[in-house]
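This report refers to the structure that appears directly beneath it.
Throughout, numbering of the chain's residues begins at 1 and tracks the sequence. On a predicted model such as this, the values are computed, not experimentally measured, just so you know. All heavy atoms count here, side chains included; hydrogens, waters and symmetry mates do not.
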Amino acid sequence: MDLIARLRAGLPGEALLTDPDVTGSYAHDMASFCEAGTPAVVVLPRTVEQVQHIMRTATELRIPVVPQGARTGLSGAANASDGCLVLSLVKMDRIIEINPVDRIAVVEPGVINAVLSRAVNEHGLYYPPDPSSWEECSIGGNIGTASGGLCCVKYGVTAEYVLGLDIVLADGRLLTTGRRTAKGVAGYDLTRLFVGSEGSLGIVVRAVLALKPEPPGQLALAAEFPSTAAACEAVCEIMARGHAPSLLELMDRTSIRAVNDMAQMGLPDSTEALLLAAFDTPDPAADLAAVGKLCTAAGATEVVPAETAAESDLLLQARRLTLTALERVKSATMIDDVCVPRSRLAEMLDGTAAIAEKYGLTIGVCAHAGDGNTHPTVCFDAADPDESRRARESFDDIMALGLQLGGTITGEHGVGVLKKEWLARELGPVGVELQRGIKDVFDPLGILNPGKLF
């Protein structure tokens, strides 16, 4: 009995996609420079039992399985390999429970981040992780890549909110990890092991997520600086003085000009860096005033605090438009997510500017400045082989710079295909050996998302 026949024995007809014109659309995520193969079949299960049937079948036939969520990732972690079974979890999209007393939500992996956020808001609760693609990305994908977002400076990344998981293992067995309780230290923390594993250890079919009380509405300010060094000095002072902004974002000159060209935001051409800060504290105006003084002392030429939520949204609009604006500069972009210690942020931005000059490319940088997570965006013409080569080399130089400054090659996008060579450099041979050993325990046949991470 072949693969399709075996799958049909435990799946409804609509859960199987075999038309090559359709399955081809599931071949890759949103990353550039990442190879993608041709899947043999795409399956869209709706139940845990169906996922178990799929994995048992894949194990029996030694078929590689590539788990997918919404495919908004930027590292190639969801890219298909030739002849693989693509396991799309988008149909498993139920919010099973929202519990205001225990402050948890229990969800399936296909739930969209924004849908969950709005649902818990109705109970006066808050799910903080907010990747830029939050209107499209799925919770399962967020867990797979340990994604972050604008609020990480105060609230942390996805890993901080995953209390427990139901996992279908490579052989079809169901594993439950973690807890529903506020505390729990029984045994090894297998839950945290799966977060960020990019589907290489098992298939997440259910998650218990921690929630927080919904905070007050935030107010923001924008500060213009004559240099990135001055803006980064302000970031260091804000954090060193113990402030807890709900958002602390930075845009470099290239990003500012791209946004100006697209949306006529009216930012002065002399602005070399724009710092955006927000607070969701009981008295955000007082916090903004204190931070505004620190910005002025660091050399800001203008500080504009918002007085209303509508004004705050207006100030933050430039940051939200950054990627769209940079995508208009050239036909293609490569988005990096190197994270460095806050104290080295200025060196990271200045070094990236030097790399852009070295390769003759436009590289705009926006950053979650409060946690040192930079997003250098390399703009290039994909139809120009030489420019594409320079783009890839500049991307590698940026990652090398991040490691040199004591940082990491990925703060929230994951490794996937794009950065697996660099993961080996960051971990070192002993680290790689141990991580491969862990992979072998959970996936001895090597069928789960092969070719990713290592």
Partner residues of [X] under the side chain to side chain contact (heavy atoms under 4.5 Å, CB included) criterion, sequence neighbours left out:
X: Ala222; value: Leu274, Leu276, Leu315
X: Asp171; value: Thr59, Leu169, Arg173
X: Ala234; value: Phe225, Leu275, Cys295, Ala298

Donor-acceptor side-chain pairing of Glu136 and Thr72 below 3.5 angstrom: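 Short answer, no.
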Asp443 and Ser200: side chain donor to acceptor below 3.5 Å: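 Their side chains do not contain a donor-acceptor pair, so the 3.5 Å distance test is not met.
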Contacts of type ring pair (Phe, Tyr, Trp, His ring centres under 6.0 Å), residue Phe33, not counting sequence neighbours: Phe380
Phe395: ring pair (Phe, Tyr, Trp, His ring centres under 6.0 Å) partners, not counting sequence neighbours: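 With sequence neighbours excluded, Phe395 shows a ring pair (Phe, Tyr, Trp, His ring centres under 6.0 Å) to no residue whatsoever.
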Pairs touching residues 419-448 that satisfy ring-ring contact (aromatic ring centres under 6.0 Å, His included), sequence neighbours left out: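 Applying ring-ring contact (aromatic ring centres under 6.0 Å, His included) to every pair that reaches into residues 419-448, excluding sequence neighbours, yields Phe194-Phe442.
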Where at least one partner belongs to residues 149-190, residue pairs that pass ring-ring contact (aromatic ring centres under 6.0 Å, His included), sequence neighbours excluded: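 Non-adjacent pairs meeting ring-ring contact (aromatic ring centres under 6.0 Å, His included): Tyr126-Tyr155.
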Test log, rule salt bridge (charged side-chain N to carboxylate O under 4.0 Å, His left out), inputs Glu60 and Arg56: CA-CA 6 Å; Glu60 290 168 7; Arg56 283 193 292 264; 5.9 Å; no
Summary of side chain to side chain donor-acceptor pair (under 3.5 Å) pairs that have at least one residue in residues 315-329, sequence neighbours excluded: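 Side chain to side chain donor-acceptor pair (under 3.5 Å) check on residues 315-329 returns Glu249-Arg319.
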Pairs flagged by side chain to side chain donor-acceptor pair (under 3.5 Å) wherever residues 81-93 is involved - sequence neighbours left out: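 As it turns out, there is no side chain to side chain donor-acceptor pair (under 3.5 Å) pair with a partner in residues 81-93 once direct neighbours are skipped.
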Salt bridge (charged side-chain N to carboxylate O under 4.0 Å, His left out) contacts in which one or both residues fall within residues 174-194, not counting sequence neighbours: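 Those involving residues 174-194 are Glu97-Arg180, Glu160-Arg192.
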Donor-acceptor pair, side chain of Gln52 and main chain of Gly172, under 3.5 angstrom: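 Answer holds: yes.
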Sub-4.5 Å side-chain heavy-atom contact between Glu108 and Ile96: yes
CE/Met30: more than 12 non-hydrogen atoms of other groups inside 6.0 Å: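 Result for CE/Met30: open.
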Glu35 CD: over 12 foreign heavy atoms closer than 6.0 Å: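 Check fails, neighbour count at 12 or below.
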Residues that Asp130 engages under salt bridge (Lys or Arg N to Asp or Glu O under 4.0 Å), provided they are two or more places apart: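 For Asp130 there are no salt bridge (Lys or Arg N to Asp or Glu O under 4.0 Å) partners, ignoring immediate neighbours.
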Residues which pass side chain to side chain donor-acceptor pair (under 3.5 Å) with Asp336, listed by chain and number, not counting sequence neighbours: Lys419
